[in-house]
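This report refers to the structure that appears directly beneath it.
Lettering of chains follows the sequences in order, A, B, ..., and the numbering in each one begins at 1. Quick caveat, the model's predicted, so the values are computed rather than measured.
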Amino acid sequence: MEEEGDEEGEEQWDQIWNQGEQDYVAAAGSNTGGLDRMALNDNKAGMGNLDKERINKVIYEMSKGSKYYENEQRKEEQVKAKIAAQHKQIQSFDAREIEKSELQADAMLAAIEEMRDFSRTIVHIDMDAFYAAVEMRDNPSLKNIPMAVGGSAMLSTSNYEARRFGVRAAMPGFIAKKLCPDLVIVPTNFDKYRQVSKDVKEILLQYDPNMCPMSLDEAYLDITQHLAERKNFDAEQKTFRTADGEQRMFGVDAEDVVQEIRFRIEVKTQLTASAGIAPNMMLAKVCSDFNKPNGQYLIPFNRQAVMDFVKDLPVRKVCGIGRVSCSMLGAMGVVTCSDLFRKRGLLLKLYSAISFNYFLRVSAGVGSTSVQRGDDRKSMSTERTFAEINRPAELFAKCYELCEALVEDLKKENLKGKTITLKIKTIKYIVRTKAHSLLNATQDVQLLYSTARDLLRTEIRLCSPEPLRLRLMGVRMSNLSPASKSSDTQITIHQMLKKSRGEQKLPFGAVVSGADRFLSFMEQKDPYVDEDLPGANAFPDEVPHTSTEKDNTEFICPVCDEHPEDCVDLRTFNEHIDLCLFHTNDEKKEEKVEEKGEDFAFKCPVCCVVLKSPLDSFNAHVDACLNRSAIKEILSEESLSTPRKRSSGASPFPAKKPKTDGRHTLLNYFKSPK
DNA sequence: TACATACAC
DNA sequence: AATGGTGTATGTA
C-alpha cells in the first residue's frame, strides 16, 4: 500500500524526479552514522533540508547501539561487499566485451519492442493513507492532528499531518513519538479495513470483473472492455450522485472512467483514492503515485509518451526494484530508467537472464498487460515476535503453539502441505530458516509439529552449549495441495494410533479429548486450573499433587518423546530436556549424572535417554521405547529422522500463551526456578 | 530440495 | 521497554 513503502511521493514529483534520490542519500549519510538503510527515505517536496536532518538525527539517536541497529549495520556491510564484488567483476571486463553485450542486448530489446502493446487500458487504484484515512473518517477528532495507525512496536501508516514530522509507515511507534510528541497512535482495526476494502472492490468489479486486488487498499484493473461497452452507455449509466443528491455525469474516455471510479469510491466510503492509467501494469503503478493523494495521472498510449515518461524516472520508483537493487545499480551509475538502457552492455554481463530482461523491459517502459488473479497460493505461514525466549521447554512450547495456529489456517482453506520450514530470528536479529519435506502432504498438527520440533531441536543443539536466544519463531507450509475429502476421511496409521490413544493426558494430569477442550483448558477461567491444581497459586514450581501418580505420562519430553521416569516436577523435567539436548551420546552425560550422585543411571539404548530409575522401571521403559520404535519405523516416512531416534510427534505441551499476567496458565508453570 | 535474499504491502 | 507479519520470486548450491 502506498503508506507502507519506505519511500513515497505525495505531490507531483516535478523537480524531485531528477535529484530526489541522490539528495536523500547525501542527507542521510550525514546523520545516521553512514547507515543509509536507517534513514528516512523521503523525497517529498516542501520539506526543508533542516527538517530532514533533524529527523534523521532523531532516528539515529534512538536507534544507535540497539541490537536492531547493529544488525542493520551488518546488513549494510553485506551490501557493500556485494557492490565491491560487483565492482571487481566490472573491472575484469574489457571494452570490446561490453560492446558485444550491447549488441546482444539490442537484439533482446528488439524482441521486447515487438511485444509492446497499447491495446489494453490498465488502471492502478491506490487508496490514500488507507488505514489512517479510515480511522480519521470514523473519529473526526483525529482529523487535524498528527496521527498514525499501529502500535508502539510498528506503525502501519500515518496521516499527512504526521508525515510532516517524518512519521511514516514501518517506523516503530516509540521513534515516531520522539519525532512528534503529540502523535496519536490508533490501534489497527483490520476488520474495519476489510469491510471498507470490500465496498471499494464492489465498485471496481463493475469496471473489470477480473480486477486484481494486491492488498486491502490497492488493485489493478483492465478497463479495456468497459471502455468499449461504455460507448453505448446512456446518460444515466454515466451519472452518479453524492449523498446530498448532487449529480455528476462522466465522459467516455479512460480518464473520465477513472474520475468516475474515484468519485464513486469517495461517495461510498468517504475516502479518497489515487489512480494511474497506462498501457501496462508497471507504468500504471508508477502513475498512481504521481499525483497522490486524491489525484490521477495518465500516460498517453503511444511509444514516444512512454519513452518520455520513463526517461528520467528513477529506477527506485519501479515496483520490484528495492533498496538493495537500487544501491547496486546506483554504484554503477544507474539511477534512472534510461540509465538502464545506457548501461545495458554491462548489466547483461552482471545479471541473470531473468533480471536483465526485466531491466530491459523497464528501460523501454514495457510491462505486463494481463491483469489476472495469481494461481493458487504457494505457501502459508505463521510467525511471531516475542520477548526473548531461550529455554528449550519454552521454545518447544512456542513451536507447538505456532504449529497449531498454522494447521488451523490450513484447514480453513482445506490445504495440506509437504514442506515444513522453521524460521528463527535470534535476539541479534539474525534470521535462519530450516526446511524439511515429508513424503506426503499433511495438515495434521502432530506431524507438522514433529518435523518443526526436530528442526528446532537441531538448531538448539547447534548452538549448544550456548542457549538459543530467540525473538521470533515461525512455521511455514509449502508444496501445498488441496486436502481432498478422500484424504480427510482416510485414516492413516498415524491418525489411527492417535485415535486409539483416546483421551490424551496433558501435563499435570489434565485430561482432554479434543482440541477445543485442550484450548479451553488453557484459559485462566477454566475450572481445571483453579480447582484441579491445588497449590498452583502459591508455588507454581511445586509438584502438583495429581502428577505424582505412578504413571508419569504427564511429562512428555519434546526431545526424546519419552515420559522419563525421573521427571516428577517441572524442574526435573527441564533438566531432563537439557540433558536430552546437550548431553546425549558423549561423556558430558556421564559427568552430569555423576554430579547428581545418582545410584542408578542407565542409558536407554533406543531413545538414548538417561534414566535414573530402578532396574525394573528401566526395563519397562526400554520395552515401551522399543514398541514405540517399531511403530515409528512404519511411520518413519512421514517424520524426520534423527540419528538418535524417530519422533512420534505427541503433543508435548500446553501451548497457549498467558493473556495477561498469566498467573495460573500452564505455560507459567514451565518457568521453573534455576 | 534447501537456504538465503530481496521485495511488496 | 524498545523495530511486524504474510507471501512471492529468484539465485545458488
*Of the options N189(A), T157(A), T188(A), which is the one that meets E135(A) in a side chain to side chain donor-acceptor pair (under 3.5 Å)?*
N189(A)
Report the nucleotide, chosen from [options], that has the shortest atom-to-atom distance to any side-chain atom of [X].
| X | options | answer |
| --- | --- | --- |
| K425(A) | dG4(C), dT10(C), dC3(B) | dG4(C) |
| V79(A) | dT3(C), dG4(C), dA6(B) | dA6(B) |
| T433(A) | dG5(C), dC3(B), dT3(C) | dC3(B) |
| S437(A) | dT1(B), dA8(B), dT3(C) | dT1(B) |
| A435(A) | dC7(B), dG11(C), dC3(B) | dC3(B) |
| P172(A) | dT3(C), dT6(C), dC3(B) | dT3(C) |
| R316(A) | dA8(B), dC7(B), dG4(C) | dA8(B) |
| R432(A) | dC7(B), dT1(B), dA4(B) | dA4(B) |

Heavy atoms only, 4.0 Å cut-off, all strands: where does [X] land among base, sugar-phosphate and nothing?
| X | result |
| --- | --- |
| S152(A) | nothing |
| N479(A) | sugar-phosphate |
| K82(A) | sugar-phosphate |
| I175(A) | base |
| Q78(A) | sugar-phosphate |
| K177(A) | nothing |
| K434(A) | sugar-phosphate |

Determine yes or no for a side-chain-to-main-chain donor-acceptor pair under 3.5 angstrom, with [X] supplying the side chain and [Y] the backbone.
| X | Y | result |
| --- | --- | --- |
| K177(A) | L183(A) | yes |
| D409(A) | M380(A) | no |
| N56(A) | E53(A) | no |

*Classify the angle between the aromatic ring planes of Y220(A) and H124(A) as parallel (below 30°), tilted (30 to 60°) or perpendicular (above 60°).*
tilted
_Quick check on DNA chain C: between K423(A) and A353(A), whose nearest nucleotide comes earlier from the 5' end?_
K423(A)
_Which residue lies more 5' along DNA chain C, comparing M171(A) with S352(A) via nearest heavy atoms_ =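 Its nucleotide being nearer the 5' end, the pick is M171(A).
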Whole-Å gap separating [atom2] ([N]) and [atom1] ([X]):
| X | N | atom1 | atom2 | answer |
| --- | --- | --- | --- | --- |
| M62(A) | dT3(C) | CE | P | 11 Å |
| K64(A) | dA2(C) | NZ | C1' | 16 Å |
| E61(A) | dT3(C) | CD | C1' | 17 Å |
| Y131(A) | dG5(C) | OH | C1' | 11 Å |
| I430(A) | dT5(B) | CD1 | C1' | 15 Å |
| L472(A) | dA2(C) | CG | P | 15 Å |
| M477(A) | dG7(C) | CE | C1' | 16 Å |
| R74(A) | dT5(B) | CZ | P | 7 Å |

*Have D128(A) and T272(A) got a donor and an acceptor in their side chains that come within less than 3.5 Å?*
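Yes.
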*For K349(A), does the NZ atom have more than 12 heavy-atom neighbours from other residues, nucleotides or ligands under 6.0 Å away?*
yes
Does [X] put a side-chain nitrogen or oxygen below 4.0 Å from OP1 or OP2 of [N]?
| X | N | result |
| --- | --- | --- |
| T421(A) | dA2(B) | no |
| S66(A) | dT3(C) | no |
| R471(A) | dG4(C) | yes |
| Y429(A) | dT3(C) | yes |

*Going by number, which of residues 367-382 of chain A have a non-hydrogen atom under 4.0 Å from DNA chain C?*
R377(A), K378(A), S379(A), M380(A), S381(A), T382(A)
*On DNA chain B, nearest-nucleotide positions of T419(A) versus K285(A): which is more 5'?*
T419(A)
*Check step by step if ring pair (Phe, Tyr, Trp, His ring centres under 6.0 Å) holds for Y351(A) and F356(A).*
CA-CA 6 Å; Y351(A) 287 87; F356(A) 180 67; 8.4 Å; no
_Check ion pair R471(A)-E388(A) (N to O, under 4.0 angstrom)_ = no
*Y358(A) ring centre to R361(A) NZ or CZ under 6.0 Å, with the angle to the axis within 45°?*
no
*Quote, to the nearest angstrom, the C1' distance that separates dG4(C) from dC7(B).*
15 Å
